[in-house]
Amino acid sequence: MPWLISLVVVIWVNFEDDSQQAGSGLDIDGFSRLPVLVGGRIMPMETLGTHVASMMNHHGTFAVDGKVEPASRWLLDVFMYARVAWWTARS
């Protein structure tokens, strides 16, 4: 009986994991609402991304292939691909 229960749990976990991976990608909207503490102030990631982007390009926007993207997507790209962001910023 314990083997049967273990088998059912393993199959269920694998099924749930596959259904979550079949999504459309990252939840950028959810990420943009996450709170972060910066300089003693709590703000959402979107505000942090907009603030940093405005310091870098003076208008606080981020464009990919001519399409304006949320600043939180740029911030997520920087967090996930730090080495690429480092070399991009140095160029």
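Each residue takes its place number in the sequence, starting with 1.
- Contact between P44 and S32 at its shortest, heavy atoms only, is CB-O, 3.4 Å.
- Distance CG/D29 to CZ/R33: 4.5 Å, rounded to 0.5 Å.
- Taking CG of L75 as the start and NE2 of H51 as the end, the distance is 11.5 Å to the nearest 0.5 Å.
- Here the CD1 atom belonging to I28 is positioned 13.5 Å from the CE atom belonging to M45, to the nearest 0.5 angstrom.
- Shown here is L37, whose CG atom has more than 12 heavy atoms of other residues, nucleotides or ligands within 6.0 Å.
- Hydrophobic cluster membership is shared by M56 and M80, with clusters built from Ile, Leu, Val, Met, Phe, Trp and Tyr side chains linked at under 4.5 angstrom.
- Once rounded to the nearest 0.5 Å, the distance linking CG of L34 with CG of L48 reads 11.5 Å.
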